[in-house]
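Comments concern the structure below.
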Amino acid sequence: MQVIDTIYIDGAFVTPHGSELFELFNPATGQVIGHVRLADAEDARAAVAAAKRAFSAFSRTPQHERVAMLRRLHAAVLAREDALFEAIVEEYGAPVSRGRWMAQHASNVLRDAADVLEQYAFTRRAGTAEVTMQPLGVAGLITPWNSNAGFICGKLAAALAAGCTAVVKPSEMSAMQTRIVTEALHEAALPPGVFNIVTGRGDTVGATISAHPDVAKLSFTGSTAVGKSILRTGAETLKRVTLELGGKSPMIVLDDADFDLAVPLALQAGFMNSGQACIAGTRILVPQARLAEFEAKIVDAVAGIQSGDPRDPRTSIGPMVSRKQWERVQRYIRVGIDEGARLLAGGEGRPEGAATGWFVRPTVFSGVTNAMTIAREEIFGPVLAIIAYRDTEHAIVIANDTPYGLQAYICSADTARANAVAARIEAGRVLVNTLAHEPAAPFGGFKQSGIGREYGVAGLEAFLEPKAVIAA
Ligand code: NAD
C-alpha cells in the first residue's frame, strides 16, 4: 500500500496544507493500492508564489544553460524508466507494450525540447524593429490521467525551454507516476521554485491556478468541458491558453485501400491506449460498395484482440482507468444498441474470464450514422463506429461533420490521392497510411479539440510572446 503524502514546492518535498486522502486503485483488480494526500487551494497559492519568485532570474538564464538543464532532466527521467513503467501499469493499467512506450515518451519529450531550444533564434528583425521572443511568466500546467507522466514532462519541457517557471497540477488519479517523475526531476537540481508539482483536485487546485492573477499562461490537456471552464476562468486576467481537448477522429478508408493493411491500422488507431486516447480513430469511414468485405475482415481481426491482464504481453487493451470510466463506456455501448447501431463485435459487460477489474470487450458497431450519439460524442474506451459512405466527397463531409478536429487517418493505395483528401480535412494532424508520431511537428486541435499547439517550435512559442524594440 503506497502512501504519497508530499507535494513539491520551491525545490523541496513538503507536507501539503490540504489533508484529504484520495484512494488510488489498480484498475486491473479494482483494489485500492494506495492513498495520496491532496493539496488544496492554499498549497496552490504557495506553489504559484514560489514560481513567481523564481521567474525573474530563470527567465534571464542563457539559452545554453536551459538546454543543459533540459538534458539533465531528460537523463534523470530516463534513469527512472523502469520504475515509471511499473507505476503506469499498476496505477493506470496500460498493457505492457503501451506502458513501456509511455515511460520512454516521458523522457523523450525532454530531449526533444532541448533539441528545439538549441536551434531556436529568440531574436529576429522585422523592418526597423528588433523582435525578441520573451517568456510569458508563471505557467500553470494541468494534465489528465491517460498519459500523466508524458504530459507533465512535455508541458514542463516547453515551459522551461521558453524560460517560464511552472506550477504543475497532475491528475489526482496518477499520483504514483507523479511521485516518480517528481523525484527524478528533483535530482536534476534546477533552481528552487522553477517548477512546482501539486497534486490536488481540479476544482480546487486546478481552479485556483486557472484564476490566479500571477499565472500568465495555462496549458491544459483534458476534457472539452473542463477546457472551456478553464478558458472562461483564465479570461478574467487574459491568460494565454493552450488547450488540448477531446476528439472523435475519423479513419477514412478510401475505396482503393488494401483491407489487409487498413483493418489492422483501423483497429490499432481505434484501440490505442485501450481506447482512452484523445487521438483514437473512433469513426471508421468505409465505402458502401466494400462494406461487407470490411465488416468480415474486422470481425475476424477483433476476435484476435485480447482485452485483459495488462501484464500479459498478448494483451492490447487494458482496463479502463476507473469504475466511473468503465460505467461511462458501458453506457455508450447501451446507447449505441438503443439507437439502432449493429453490434459486430463486443458489447456490454466484461470480456470472458474477467471477473473483476474494469475491463471492456473490444466493441465495433456498424450501420452507424454520423448523427448517432456514438458517432458524435467522445467515448474514451474501445468502442468503434463504422460509418458507410457513398463516394470520397461524402467521406470528406462526414469526416468534417463533428465539433472536434484533433486528428484524422487516411488509408489508401494511392498516396497522392490520400494527400488530396488530407488537404480538405479539418484536423490538426492527418496521418496517411501510418500511426507514426512526429515530435517536431505541431500537435493540437481544430474546432472544439482545442486552442494552440504543443511540440516542436510551435510548442515552444506557446510559452513566448514577441516584443518589438524600435530604436531611432
Ligand atoms: P478532465 O478534463 O476531467 O481532467 C483533466 C485535468 O483537469 C485533471 O488534472 C483534473 O483534475 C483537472 N480539472 C478538472 N476540473 C478542473 C477545473 N475546474 N479547473 C482546472 N482543472 C480541472 O479529463 P480527464 O478525465 O482527466 O481526461 C480525459 C479527457 O482528456 C478526455 O476527454 C480526453 O479526450 C482528454 N484528453 C485530451 C488530450 C489531447 O491532447 N487533446 C490528451 C489526453 C486526454
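We count ligands from 1, going down the list as the structure has it; atoms in each ligand are counted the same way.
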*asked:* Restricting to non-hydrogen atoms, name the atom on Leu24 and the atom on Ile4 that form the minimum distance, rounded to 0.1 Å.
replied: CD1-CD1, 4.2 Å
*Among all protein heavy atoms, pick the one closest to atom 13 (N) of ligand 1 and tell me residue, atom and distance.*
Gly202 CA, 3.3 Å
*Determine, step by step, whether Glu327 and Met320 satisfy the side chain to side chain contact (heavy atoms under 4.5 Å, CB included) criterion, reporting the C-alpha distance in whole Å, the side-chain angles of both residues, the deciding distance to 0.1 Å, and the verdict.*
CA-CA 9 Å; Glu327 284 168 355; Met320 302 296 93; over 6 Å; no
*Any idea which of Thr208, Leu245, Thr233 brings a heavy atom closest to atom 37 (C) of ligand 1?*
Leu245
*Just checking, is any N or O donor in the side chain of Thr221 or Lys155 under 3.5 Å from an acceptor N or O on the other one?*
yes
*asked:* Can you confirm, on distance only, whether ligand 1 has an N/O atom lying under 3.5 Å from any N/O atom belonging to Asp203?
replied: no
*Can you tell me the protein heavy atom closest to atom 28 (C) of ligand 1 and the distance?*
Phe380 CE2, 3.6 Å
*asked:* Please check if the number of heavy atoms outside Arg323 that lie under 6.0 Å from its CZ is greater than 12.
replied: no
*More than 12 non-hydrogen atoms from neighbouring residues, nucleotides or ligands closer than 6.0 Å to NZ on Lys52, yes or no?*
no
*Do Lys217 and Phe463 meet the cation-pi criteria used here (NZ or CZ under 6.0 Å from the six-membered ring centre, within 45° of the axis)?*
yes
_Using ring centroids (six-membered ring only for Trp), state whether Trp145 and Phe380 fall under 6.0 Å._
yes
*asked:* If the contact criterion is a heavy-atom separation under 4.0 Å, does Ala207 count as touching ligand 1?
replied: yes
*Between Ile142 and ligand 1, which part of the residue brings a heavy atom under 4.0 Å of the ligand: side chain, backbone, both or neither?*
side chain
*If you count the atoms of ligand 1 from 1 in the order shown, which ones are under 4.0 Å from a heavy atom of Glu244?*
37 (C), 38 (C), 39 (C), 40 (O), 41 (N)
*Before accepting this row, confirm whether a basic side-chain N of the pair Glu81/Arg100 lies closer than 4.0 Å to the acidic partner's carboxylate O.*
yes
_Glu172 N/O under 3.5 Å from ligand 1 N/O_ = yes
_Taking 4.0 Å as the limit for heavy-atom contacts, which would you say applies to Met173 with ligand 1: side chain only, backbone only, both, or neither?_
neither
_Which of the numbered atoms in ligand 1 are under 4.0 angstrom from any heavy atom belonging to Pro144?_
26 (O), 27 (O), 43 (C), 44 (C)
*Numbered atoms and elements of ligand 1 in range of Leu406, under 4.0 angstrom, heavy atoms*: 41 (N)
*Which protein heavy atom lies closest to atom 20 (C) of ligand 1, and at what distance to 0.1 Å?*
Gly206 C, 3.3 Å
*Give yes or no for whether the N/O distance cutoff of 3.5 Å, strictly under, is met between Ser449 and ligand 1.*
no
*Protein heavy atom under 4.0 angstrom of atom 4 (O) of ligand 1, is there one?*
no
*asked:* Suppose we measure from atom 8 (C) of ligand 1 to each protein heavy atom; which comes out shortest, and what is that distance?
replied: Thr143 O, 3.3 Å
*Tell me, which protein residue and heavy-atom name are nearest atom 7 (O) of ligand 1, and how many Å apart are they?*
Phe220 CE1, 3.1 Å
*Is it true that Phe195 and Tyr8 have ring centroids separated by less than 6.0 Å?*
yes
_Distance from atom 39 (C) of ligand 1 to nearest protein heavy atom, with residue and atom_ = Cys278 SG, 3.0 Å
*Run the salt-bridge test on Arg240 and Glu465 with the 4.0 Å N-O cut-off and return the result as yes or no.*
yes
_Among all the protein's non-hydrogen atoms, which is closest to atom 25 (O) of ligand 1, and how far away is it?_
Trp145 NE1, 2.9 Å
*Counting from 1, what ligand 1 atoms have a heavy atom of Asn146 closer than 4.0 Å?*
43 (C), 44 (C)
*Minimal non-hydrogen separation, Cys164 against Ala139, with atom names*: CB-CB, 4.5 Å
*When you measure from atom 35 (C) of ligand 1 to every protein heavy atom, which one gives the shortest distance, and what is it?*
Gly222 O, 3.0 Å
*Cation-pi check, Arg350 to Phe359: give yes when NZ or CZ is under 6.0 Å from the six-membered ring centre and within 45° of the ring axis, no otherwise.*
no
*Atoms of ligand 1 less than 4.0 Å from Ser171 heavy atoms?*
9 (O)
_Test: Glu86 and Arg311 ion pair at under 4.0 Å_ = yes
*asked:* Need the ligand 1 atom indices (1-based, order shown) with element for anything under 4.0 Å from a heavy-atom of Glu378.
replied: 31 (C), 32 (O), 33 (C), 34 (O)
_Run Val335 and Glu339 through side chain to side chain contact (heavy atoms under 4.5 Å, CB included) and show every step you take._
CA-CA 6 Å; Val335 167; Glu339 290 189 353; 3.7 Å; yes
*Going by the atom numbers of ligand 1, which of them fall below 4.0 Å from some non-hydrogen atom of Phe151?*
42 (C), 43 (C)
